[in-house]
Amino acid sequence: MSISVRAAEPGDVPALVRLRLANAERHVELDRTVYRVPDKERVREYFEEVLAGEPGVVILVAESPGDVVGMVEVIPRADPPAHQILVPSRSAEIHTVVLEGHRGEGIGAALVSAAERAAAERGIHLLHAGVFAPNEEAVRFYSSAGFGPRGILLSKDSGAHRSIDPAEAGGGPVPA
């Protein structure tokens with residue numbers, strides 16, 4: 001199978017929206033207390049803004065003869081402020097999506113490899129793949145691409161959100 005990876009273009013927005021929503025639906029199945037399906041119109045607006053020149057964000061797509069079947073986003077993180085103890089190092093978050101029927105074909109690996117090159121060209125030294133532990137498939141995927149643990153992110157639910165209607169918390173109805 002022939003896979004090509006290239007920079008996303010404005011004409012790719014419908015495919016990017018499809019990928020983001022498919023990824024969201026899959027994640028909601030993992031844990032609906034952590035993930036949601038965002039509003040389709042907001043997703044479209046985001047991708048249009050980024051592709052119109054949002055500084056720093058890189059979106060690459062993978063094509064399999066004429067069809068966009070995957071994408072990767074490289075989203076730069078701000079350096080820690082001068083009052084914090086972390087050494088400043090250019091870093092970015094990476095988010096990879098491959099459509100269900102195309103996993104296991106090397107598309108994700110090609111996207112990550114291209115994202116690493118794009119990050120290096122921009123002086124980004126460290127990529128972070130934020131994966132919640134229940135997503136074992138993503139942990140395996142990023143681990144196979146050379147990502148490994150770097151500290152532990154601990155969290156605690158403050159309970160403050162329990163009084164907020166999830167539909168009002170940012171993105172429309174919560175899937176049943």
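Note: hydrogens, waters and symmetry copies are ignored here, and every other heavy atom, side chains too, is used.
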Min side-chain heavy-atom separation S91-L127 under 4.5 Å: no
Salt bridge present between E137 and R26 (N-O < 4.0 angstrom): yes
Pair H27, N23: side-chain N/O donor-acceptor within cut-off below 3.5 Å: yes
H95-E93 side chain donor-acceptor pair, cut-off 3.5 Å: yes
Pairwise distance CG(D67) to CG(L99) - rounded to 0.5 angstrom: 7.0 Å
Main-chain N/O of V139 paired with S143 side-chain donor or acceptor, under 3.5 Å: yes
Validation row: Y46, R20 side chains within 4.5 angstrom (heavy atoms): yes
Validation row: V69, V98 side chains within 4.5 angstrom (heavy atoms): no
Main-chain N/O of R122 paired to R90 side chain as donor or acceptor, under 3.5 Å: yes
Taking every non-hydrogen atom, the tightest pair across V68 and A15: CB-CB, 3.7 Å
Nearest heavy atoms of V37 and A24, plus distance in Å: CA-CB, 3.9 Å
Spacing of M71 atom CE and I59 atom CD1 [to the nearest 0.5 Å]: 6.0 Å
Heavy-atom closest pair, residues P65 and S2: CD-O, 3.3 Å
Nearest heavy atoms of P88 and P80, plus distance in Å: CA-CD, 4.0 Å
Minimum side-chain heavy-atom gap F47-V57 below 4.5 Å: no
Polar side-chain atom of R150 near backbone of H128 as donor-acceptor pair, under 3.5 Å: no
L126 reachable from V72 in the ILVMFWY side-chain graph, under 4.5 Å edges: no
Steps toward side chain to side chain contact (heavy atoms under 4.5 Å, CB included) verdict (K40, V17): CA-CA 7 Å; K40 183 177 183 177; V17 171; 3.8 Å; yes
Nearest heavy atoms of A138 and V131, plus distance in Å: CB-CG1, 3.7 Å
Min side-chain heavy-atom separation L51-E9 under 4.5 Å: no
Separation between CD1 of I107 and CD1 of I3, rounded to the nearest 0.5 Å: 4.5 Å
Nearest-0.5 Å distance that lies between atom CG in N135 and atom CG in D31: 10.5 Å
OG1 on T96 to CZ on F141, rounded to 0.5 Å: 5.0 Å
4.5 Å side-chain heavy-atom contact, V5 and V61: no
Heavy-atom pair with the smallest gap, counting every atom of A145 and V112: CB-CG1, 4.1 Å
Gap between atom NE2 of H125 and atom OG of S89 - 0.5 Å precision: 5.5 Å
R140 and S144: side chain donor to acceptor below 3.5 Å: no
Carboxylate-amine/guanidinium contact R6 D12, below 4.0 Å: yes
